[in-house]
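Everything below concerns the one structure shown next.
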Amino acid sequence: MTRMFALVDCNAFFVSCERVFQPHLEKKPVIVLSSNDGCAISRSNEAKALGIFMGAPLCKIKDIVIKHNVYTFSPNFSLYADMSARVMETLKVFSQQLEVYSIDEAFLDLSSIPRHELMAYGSHIKKVIKKWTGIPVSVGIGPTKTLAKVANHLAKKHPTGCYTLITPEKTATILKDFPLQDVWGVGAQWSKKLSSLGMSSALDLAQKDTRWVGKAFNVILSRTALELRGVSCLNLEELISPKKSMISSRSFGTPIYSFEDLREAVSYHVSSLAQKLRQQGSKTSLITVSLRTNPFDRKGSFYSNTLLVPLSFPVSDTSVLIKAAASALEILFREGLSYKKVGVTVLNLSPETQRPSFLFNEMNFETSPKRESLLKAVDQLNDKHGKGSLIFASEGLIKSWKSKSSWKSPSFTQNWSQLMRVG
DNA sequence: TCTGGGGTCCTAGGACCC
DNA sequence: TCTGGGGTCCTAGGACCC
């Protein structure tokens, strides 16, 4: 039996989340900005119609925003995460086999639904999600994940918000006019190269010999070519696999000059990563610190550098990681520069249950039960009273390095005092 | 005023070993 | 003149995704 996948994608997700709690924003141009109020990362249809592009820097669209009274929000990621969880929970009603692909997208296995009912089933999903969560979605259905993605593109423009690509004939007709750069897995670089080789539509790639594609590009793109042809190569990944790396980084609201401020910012990132490591039940044995000045600043010379610090054993202890990161920062820091961003990455993650046999005394500090229960208590307090309730001293209290966030909506789903009031 | 943040996978090439 | 060949592991870099 051929398989059948649906891709359910939330429309302008962050904007839609804001609208659920502020219904007066319906039909109005709305945008949500990136961290630091940098650029537009989610746009309502009305905002798109005004010519606001994905990733447009706020400073460059300021005139449009003022002239057309575009409602502008700083990002409220915990709100979006909560709304995402509601959408995903609701989706489970329609298929037990579900892959949460990103914060606003999920693949569903619909192989068991009769072919002639798929269109109606897709429309039904859309209606129920809207009714139960307030979020509008588009549904694309096809025999492979890549074709479901293509169908979803078309669904966004279709009045029903649902589109199916079931027969090979219809699929070929659609792919003939479907630009290659819009295919899932084909980015800017490859579409440029493909175009120079004479391919411009998705059908061109689908009809190419896959071995040739594999040689000229790689196995990923040859898989994409097969999927476009209707051969399913990518399975539904229902299990959420543990992360193999984690990043915490942020641009500063205003440039930072002092080592002390940088160290506080780095400590903050490390602390947040360490907590996420413990949440996932992982430890890291490689931490990297990177910092850079503003790459867009024409005056000063650009400085960007990263340092890897291998740890002698896997850890998730905040203090141990802060020490390692601070020593890296000392090496990276150059006096007199105006820094714009720091970031910390933890790699080589391993399950915390997988412990190496101990040879050295230094292990004792990290693994002592007292130490572990202390960190557990810190995590529990922060869970209960909100992130940042209890922090490590090195994170600092002033946070002069924090990001800009001028127009953040209230914590509608997180904080009792900020719940919506009715009547 | 000034351009996000967080991930994954694949490949080539070097180091090292026998 | 000749100076192996094959395997594994690791890393950096490049591509992609949201």
Side-chain angles (χ1 to χ4, degrees), chain A residues 7-10 12-14 31-42 52-63 65-66 72-77 80-81 84 99-107 145-146 149 152 180-194 213-224 233-234 237 240-255 269 272-273 276 280 285-286 288 290 292-300 302 306-308 310 338 340-349 403-407:
Chain A
L7 175 67
V8 180
D9 186 307
C10 301
F13 182 55
F14 297 169
I31 56 173
V32 173
L33 302 171
S34 60
S35 305
N36 216 23
D37 295 338
C39 45
I41 55 168
S42 180
I52 297 177
F53 293 102
M54 184 67 178
L58 181 60
C59 54
K60 293 206 172 156
I61 54 171
K62 198 86 186 188
D63 292 344
V65 168
I66 292 169
T72 305
F73 289 90
S74 303
N76 188 343
F77 289 112
Y80 311 149
S84 173
E99 173 187 342
V100 177
Y101 177 68
S102 74
I103 191 163
D104 68 339
E105 280 173 83
F107 287 102
K145 286 166 102 176
T146 305
K149 273 269 191 186
N152 194 279
L180 254 178
Q181 69 262 22
D182 290 348
V183 172
W184 187 41
V186 181
Q189 298 306 311
W190 288 357
S191 76
K192 216 196 285 173
K193 185 170 168 190
L194 286 161
V213 178
K215 268 195 181 153
F217 294 83
N218 64 11
V219 293
I220 299 181
L221 195 68
S222 66
R223 239 182 262 150
T224 300
C233 307
L234 303 169
E237 306 200 2
I240 299 168
S241 38
K243 293 210 189 329
K244 295 170 178 175
S245 67
M246 295 178 186
I247 300 175
S248 178
S249 67
R250 207 78 72 213
S251 302
F252 307 128
T254 50
H269 291 304
S272 137
L273 285 177
K276 282 184 187 161
Q280 176 173 293
S285 58
L286 181 62
T288 80
S290 38
R292 65 165 206 216
T293 59
N294 189 348
F296 302 99
D297 184 5
R298 299 268 166 85
K299 284 168 276 171
F302 179 55
T306 302
L307 192 65
L308 285 73
S338 113
K340 185 62 186 164
K341 179 176 179 178
V342 288
V344 178
T345 307
V346 286
L347 303 124
N348 286 5
L349 306 193
S403 295
K404 256 189 292 189
S405 181
S406 310
W407 307 288

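Here the structure is a predicted model, which means the values were calculated and not measured. Throughout, protein chains are lettered first and strands after them, A, B, ... in sequence-line order, and every chain is numbered starting at 1.
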Exercise for the section: Apply the test side chain to side chain contact (heavy atoms under 4.5 Å, CB included) to residues A/K145 and A/L7: give CA-CA distance (whole Å), side-chain angles for both, the deciding distance (0.1 Å), then the verdict. Expected result: CA-CA 7 Å; A/K145 286 166 102 176; A/L7 175 67; over 6 Å; no
Problem - 5′-ward residue of the pair A/H269/A/D37 relative to DNA chain B - result: A/D37
Exercise for the section: Name all residues meeting the side chain to side chain contact (heavy atoms under 4.5 Å, CB included) criterion together with A/S403; count only those two or more places apart in sequence or in a different chain, and write none if there are none. Expected result: A/N36, A/R250
Exercise for the section: Counting heavy atoms from C-beta on, name the nucleotide in B/dG4, B/dG6, B/dG7 closest to the side chain of A/S249. Expected result: B/dG6
Handout entry: Residues forming a side chain to side chain contact (heavy atoms under 4.5 Å, CB included) with A/L308, sequence neighbours excluded
Key = A/L286, A/T288
Handout entry: Pi stacking test for A/F296 and B/dT3: under 5.5 Å apart, planes under 30°
Key = yes
Practice task
List for me each residue that meets side chain to side chain contact (heavy atoms under 4.5 Å, CB included) alongside A/I247, sequence neighbours excluded, and say none if there are none.
Solution key: A/S249, A/T345
Handout entry: d(CZ, A/R292; C1', B/dG4) in whole Å
Key = 9 Å
Practice task
Could you tell me whether A/D104 contacts a base, only the sugar-phosphate backbone, or nothing, with contacts defined as non-hydrogen atoms closer than 4.0 Å?
Solution key: sugar-phosphate
Exercise for the section: Just call it for A/S248: base, sugar-phosphate, or nothing, with non-hydrogen atoms closer than 4.0 Å on any strand. Expected result: sugar-phosphate
Completion exercise
Among B/dG7, B/dG4, B/dT3, the one nearest any side-chain atom of A/M246 is B/dG7
Practice task
Examine B/dG5: is either OP1 or OP2 under 4.0 Å from a nitrogen or oxygen in the side chain of A/K341? Give yes or no.
Solution key: yes
Exercise for the section: For B/dG6, take OP1 and OP2 only and decide whether either is under 4.0 Å from a side-chain N or O of A/R250. Expected result: yes
Exercise for the section: Answer with base, sugar-phosphate or nothing: what part of the nucleic acid does A/V183 contact at a heavy-atom distance below 4.0 Å? Expected result: sugar-phosphate
Exercise for the section: Using atom CG of A/L221 as one end and atom P of B/dC9 as the other, report the distance to the nearest whole Å. Expected result: 18 Å
Practice task
Look at A/K340 and B/dT3 and indicate whether a side-chain polar atom (N or O) is within less than 4.0 Å of OP1 or OP2.
Solution key: yes
Exercise for the section: Could you tell me the separation between the CZ atom of A/F217 and the P atom of C/dA15, rounded to a whole number of Å? Expected result: 11 Å
Show me, pair by pair, the donor-acceptor contacts under 3.5 angstrom made by side chains of residues 213-222 of chain A, not counting sequence neighbours?
unit_1	atom_1	unit_2	atom_2	d
A/N218	OD1	A/I220	N	3.1
A/N218	OD1	A/L221	N	3.2
A/S222	OG	A/V219	O	2.9

Problem - Per A/V219 side chain, nearest of listed nucleotides C/dC17, C/dC16, B/dT11 - result: B/dT11
Problem - Nearest to side-chain heavy atoms of A/P57, which nucleotide of C/dC16, B/dT3, C/dC17 - result: B/dT3
Exercise for the section: May I ask you to say what A/N294 touches in the nucleic acid, namely base, sugar-phosphate or nothing, with a heavy-atom cut-off under 4.0 Å? Expected result: sugar-phosphate
Problem - Backbone N/O of A/F252 and side chain of A/K340: donor-acceptor pair under 3.5 Å - result: yes
Practice task
Taking only the side-chain nitrogens and oxygens of A/S245, find out if one of them lies under 4.0 Å from OP1 or OP2 of B/dG6.
Solution key: no
Practice task
Whole angstrom is fine here: how far is it from NZ in A/K193 over to C1' in C/dC16?
Solution key: 14 Å
Fill in the blank from the handout: note: A/F53, atom CZ; B/dG4, atom P; distance rounded to Å ~ 18 Å
Completion exercise
CZ of A/F77 to OG of A/S35, rounded to nearest 0.5 Å, is 4.5 Å
Exercise for the section: Please state whether the phosphate of B/dC2, meaning OP1 or OP2, lies under 4.0 angstrom from any side-chain nitrogen or oxygen of A/K404. Expected result: no
Practice task
Using a 4.5 Å cut-off on heavy atoms from C-beta on, say whether the side chain of A/L234 contacts that of A/W184.
Solution key: yes
Handout entry: Closest to side chain of A/C59, choosing from B/dT8, B/dT1, B/dG4
Key = B/dT1
Problem - Stem segments of DNA chain C by first residue number [Watson-Crick or G-U, under 3.5 Å, at least 3] - result: B:5-18 with C:5-18
Exercise for the section: Just jot down the side chain to side chain contact (heavy atoms under 4.5 Å, CB included) partners of A/E237, sequence neighbours excluded, or say none. Expected result: A/E99
Handout entry: Sugar-phosphate, base or nothing in reach of A/K276, heavy atoms under 4.0 Å
Key = nothing
Practice task
Report yes if at least one side-chain N or O of A/S251 is closer than 4.0 Å to OP1 or OP2 of B/dT3; otherwise report no.
Solution key: no
Problem - A/I41 or A/K243, whichever maps to the more 5' nucleotide of DNA chain B - result: A/I41
Handout entry: Whole-angstrom distance between C/dC17 and B/dG4, as gauged at atom C1'
Key = 15 Å
Exercise for the section: Using a 4.0 Å heavy-atom cut-off across all strands, classify A/A56 as base, sugar-phosphate, or nothing. Expected result: nothing
Exercise for the section: Taking only the side-chain nitrogens and oxygens of A/S102, find out if one of them lies under 4.0 Å from OP1 or OP2 of C/dC17. Expected result: no
Practice task
Look at A/R223 and C/dC16 and indicate whether a side-chain polar atom (N or O) is within less than 4.0 Å of OP1 or OP2.
Solution key: no
Fill in the blank from the handout: Winner on side-chain proximity to A/K62, out of B/dG4, B/dT1, C/dA15, is B/dT1
Exercise for the section: Grab the two heavy atoms, one from A/N348 and one from A/S285, that are nearest each other, plus how far apart they are. Expected result: CB-OG, 3.2 Å
Problem - Nucleotide nearest A/N218 (side chain, heavy atoms from C-beta), chosen from B/dT8, B/dG5, B/dT11 - result: B/dT11
Practice task
Assign A/Y101 to base, sugar-phosphate, or nothing according to its heavy-atom contacts below 4.0 angstrom with the strands shown.
Solution key: sugar-phosphate
